[in-house]
Q: 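Sharing a structure with you now.
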Amino acid sequence: MALLIVQSVIIMRYSSQGATRSSEISRKVMSKLDWLPESIPREAEPAEPYKLTLHYIVRKLAHFYNFFVIGCALALLKAQLADCGYKDAAWVCYGLVLGIIDEVKQRFIPGRSGEFKDICIDFSGVLLGYIFVLLVLYVVLRRGASCGKK
């Protein structure tokens, strides 16, 4: 539960940052990726804000990663509360609603925009994180059950 709360707060804090601060953080990450080939343009010209660049990829991967962690936390919480009766869809709906709130909130932050595409990226991160943890738990529990058999 703590991981879910902490990660949700982190996401909301990131979405509260203005465009300048958000770009600064992305550029810090980009500075660690100097080893990538120059064939990937680093940043777009103002006339092409959605051109596929390293800056754009880093920003979208940040969305995906943060919501992947949410999906992992949701799956762990579901496993911990196995007898609570909620279906998987109810668990991942939290991630979807959080993504929608995040993007709507960004529409009110100077220089930021809320985009449907980002909601889709966020939700795909939630789904993959959720499925990943459930698969890992399944494999671990199955292996543990087979180790006990003689």
Q: Rounded to the nearest 0.5 Å, what's the gap from NZ on K60 to CG on D122? Could you check?
A: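 Those atoms lie 9.0 Å apart.
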Q: E115 and E103: which non-hydrogen atoms are nearest, and at how many Å?
A: N-OE1, 3.0 Å
Q: Would you compute the distance between atom CG of L76 and atom CH2 of W91 and round it to the nearest 0.5 angstrom?
A: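 Those atoms lie 10.5 Å apart.
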Q: With the 4.5 Å side-chain cut-off for hydrophobic clustering, are V104 and I70 part of the same group?
A: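 Cluster IDs for V104 and I70 match.
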Q: Linking I/L/V/M/F/W/Y whenever any side-chain heavy atoms sit under 4.5 Å apart, do V69 and I5 land together?
A: no
Q: Would you give the length of the straight line joining atom CD1 of I11 to atom NZ of K105, rounded to the nearest 0.5 angstrom?
A: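 Here the rounded value is 10.5 Å.
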Q: Is there a path of hydrophobic side-chain contacts, each under 4.5 Å between heavy atoms of I/L/V/M/F/W/Y residues, joining I100 to L127?
A: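 Same hydrophobic cluster.
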Q: Any side-chain heavy-atom pair from D88 and V92 closer than 4.5 angstrom?
A: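 With C-beta onward as the side chain, the pair stays apart.
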Q: What closest approach, in Å, do V58 and S26 show between heavy atoms, and which atom pair accounts for it?
A: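 Minimum heavy-atom contact is CG1-O, 3.9 Å.
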Q: To the nearest 0.5 Å, what is the distance between OG on S23 and CD on Q17?
A: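 The distance works out to 10.0 Å.
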Q: Take V140 and V136 through the test side chain to side chain contact (heavy atoms under 4.5 Å, CB included) and record every step on the way to the result.
A: CA-CA 6 Å; V140 167; V136 167; 4.2 Å; yes
Q: If you compare all heavy atoms of A79 against all heavy atoms of L137, which two are closest, and at what distance to 0.1 Å?
A: CB-CD1, 3.6 Å
Q: Using the side chain to side chain contact (heavy atoms under 4.5 Å, CB included) definition, which of the options L3, V9, I10 pairs with V6?
A: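 By the side chain to side chain contact (heavy atoms under 4.5 Å, CB included) criterion, V6 pairs with just one of L3, V9, I10: I10.
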Q: So which atom in F132 and which in C72 form the shortest heavy-atom distance, rounded to 0.1 Å?
A: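 What the structure gives for the nearest pair is CD2-SG, 4.5 Å.
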Q: Show the nearest heavy-atom pair for residues S8 and L98, with the distance to one decimal.
A: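 Looking at all heavy atoms of both residues, the shortest contact is OG-CD2, 3.8 Å.
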Q: Where do V126 and L96 land on the side chain to side chain contact (heavy atoms under 4.5 Å, CB included) test, with the steps shown first?
A: CA-CA 8 Å; V126 169; L96 177 60; over 6 Å; no
Q: So I101 and M12, side chain to side chain contact (heavy atoms under 4.5 Å, CB included) or not? Walk me through it.
A: CA-CA 9 Å; I101 291 169; M12 289 295 114; 4.2 Å; yes
Q: First locate atom CD of Q7, then atom CZ of F68, and finally report the distance between them rounded to the nearest 0.5 Å.
A: 11.5 Å
Q: Apply salt bridge (charged side-chain N to carboxylate O under 4.0 Å, His left out) to the pair E24 and R21, showing each step before the final yes or no.
A: CA-CA 5 Å; E24 286 172 4; R21 179 68 181 131; 3.3 Å; yes
Q: What do the steps show when you test K28 against I25 for side chain to side chain contact (heavy atoms under 4.5 Å, CB included), and what is the final call?
A: CA-CA 5 Å; K28 281 183 185 177; I25 293 170; 5.6 Å; no
Q: Between S15 and I109, what is the shortest heavy-atom contact and its length?
A: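 The pair with the smallest heavy-atom distance is O-CG1, 3.4 Å.
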Q: For a quick check under 3.5 Å, do S22 and R59 share a side-chain donor-acceptor pair by atom type?
A: yes
Q: Mark yes when over 12 heavy atoms from residues, nucleotides or ligands other than F64 sit less than 6.0 Å from its CZ; otherwise mark no.
A: yes
Q: Could you give the distance from CG (L135) to OH (Y130), rounded to the nearest 0.5 Å?
A: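 Taking CG in L135 and OH in Y130, the distance rounds to 11.5 Å.
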Q: Are F123 and L134 connected in the hydrophobic side-chain network, where two residues link if heavy atoms are under 4.5 Å apart?
A: yes
Q: Do L128 and Y65 sit in the same hydrophobic cluster, where Ile, Leu, Val, Met, Phe, Trp and Tyr count as joined when their side-chain heavy atoms come under 4.5 Å apart?
A: no
